[in-house]
Amino acid sequence: MSENNWLFKADPKDYSIDDLANEQHQTTSWDGIRNYMARNLLRDEIKKGDKILLYHSNANPKGLVGLGQVVRSAYPDDTALDQSSVYYDPKSSRDNPIWYMVDVKLVKIFPEVIELRELKETKGLEKMMLTQRGSRLSIQPVRKSEWKIIMQLVSKLK
DNA sequence: GCCAACGTTGGC
DNA sequence: GCCAACGTTGGC
């Protein structure tokens with residue numbers, strides 16, 4: 001039962017790693033995922049204890065900003081039931097929840113952003129989902145080999 | 001701000 | 001079930 005590695009994307013204008021750092025217990029429910037492929041990963045694959053790369057998209061600079069860990073596995077995303085939420089989805093119901101979320105705890109904020117540009121130039125990350133053209137999935141699997149390479153990049157940061 | 005890539009919707 | 005139209009994502 002080995003743990004798996006993931007990458008969670010967020011637009012820091014919506015939710016940044018600093019927002020996560022300011023949460024109580026530096027933990028948040030990762031709500032608002034409204035893509036079926038990402039949902040399937042959240043619901044079926046992502047387990048408590050799994051480690052996560054946190055990524056800022058649509059940002060300057062954009063790239064990896066830190067590490068998190070799953071502290072609660074999937075449970076229904078209640079923002080889908082909240083009519084006042086931007087994540088409200090009338091197709092979802094308490095009896096038949098469509099959307100799920102996990103709880104994520106901050107592990108580390110990198111002293112500097114590991115930029116997408118750098119990742120694209122790094123040997124061994126050529127096939128990483130993040131570096132592929134047109135890759136929009138907001139919850140992505142990260143291969144063990146890719147995780148290792150990125151951890152080496154992290155260890156070189158000041 | 002542009003636009004390619006992608007997912008979803010809805011007419012048929 | 002197909003697929004064009006549309007909306008969104010996100011890099012550049």
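Convention: sequence-line order gives letters A, B, ...; per-chain numbering from 1. Just the heavy atoms: all of them, side chains too, but no hydrogens, waters or symmetry mates, feed the values below. Fair warning: this is a prediction, and the values are worked out from it, not measured in the lab.
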- Task: Name the first nucleotide and the last nucleotide along DNA chain B (5' to 3') that come under 4.0 Å of a heavy atom in chain A.
- Result: B:dA4 to B:dT9
- Query: Is the side chain of A:N22 donor-acceptor paired with the backbone N or O of A:D18 at a distance under 3.5 Å, no angle test?
  - Reply: yes
- A:H56: which of A:D11, A:V113, A:I17 passes side-chain contact (heavy atoms from CB on, under 4.5 Å): A:I17
- Message: Do A:M37 and A:V102 land in one hydrophobic cluster if side-chain heavy atoms of ILVMFWY residues count as linked below 4.5 Å?
- Response: yes
- Query: Quick one: do the A:S93 and A:D95 side chains pair a donor with an acceptor below 3.5 Å?
  - Reply: no
- Task: Using a 4.0 Å heavy-atom cut-off across all strands, classify A:K13 as base, sugar-phosphate, or nothing.
- Result: nothing
Indicate every side-chain donor-acceptor pair of residues 133-142 of chain A with a distance under 3.5 Å to a residue at least two apart or in another chain.
unit_1, atom_1, unit_2, atom_2, d
A:S135, OG, A:M129, O, 3.0
A:S135, OG, A:Q140, NE2, 3.2
A:Q140, OE1, A:L130, N, 3.2
A:Q140, NE2, A:L137, O, 3.0

- Near A:K48 NZ, under 6.0 Å, is it more than 12 heavy atoms from other residues, nucleotides or ligands? no
- A:Y87 and A:D82: side chain donor to acceptor below 3.5 Å: no
- Query: Do any of residues 110-130 of chain A sit with a heavy atom less than 4.0 Å from DNA chain C, and if so which?
  - Reply: A:L116, A:K120
- Task: Would you mind reporting whether A:K62 and A:E115 have side-chain heavy atoms less than 4.5 Å apart?
- Result: no
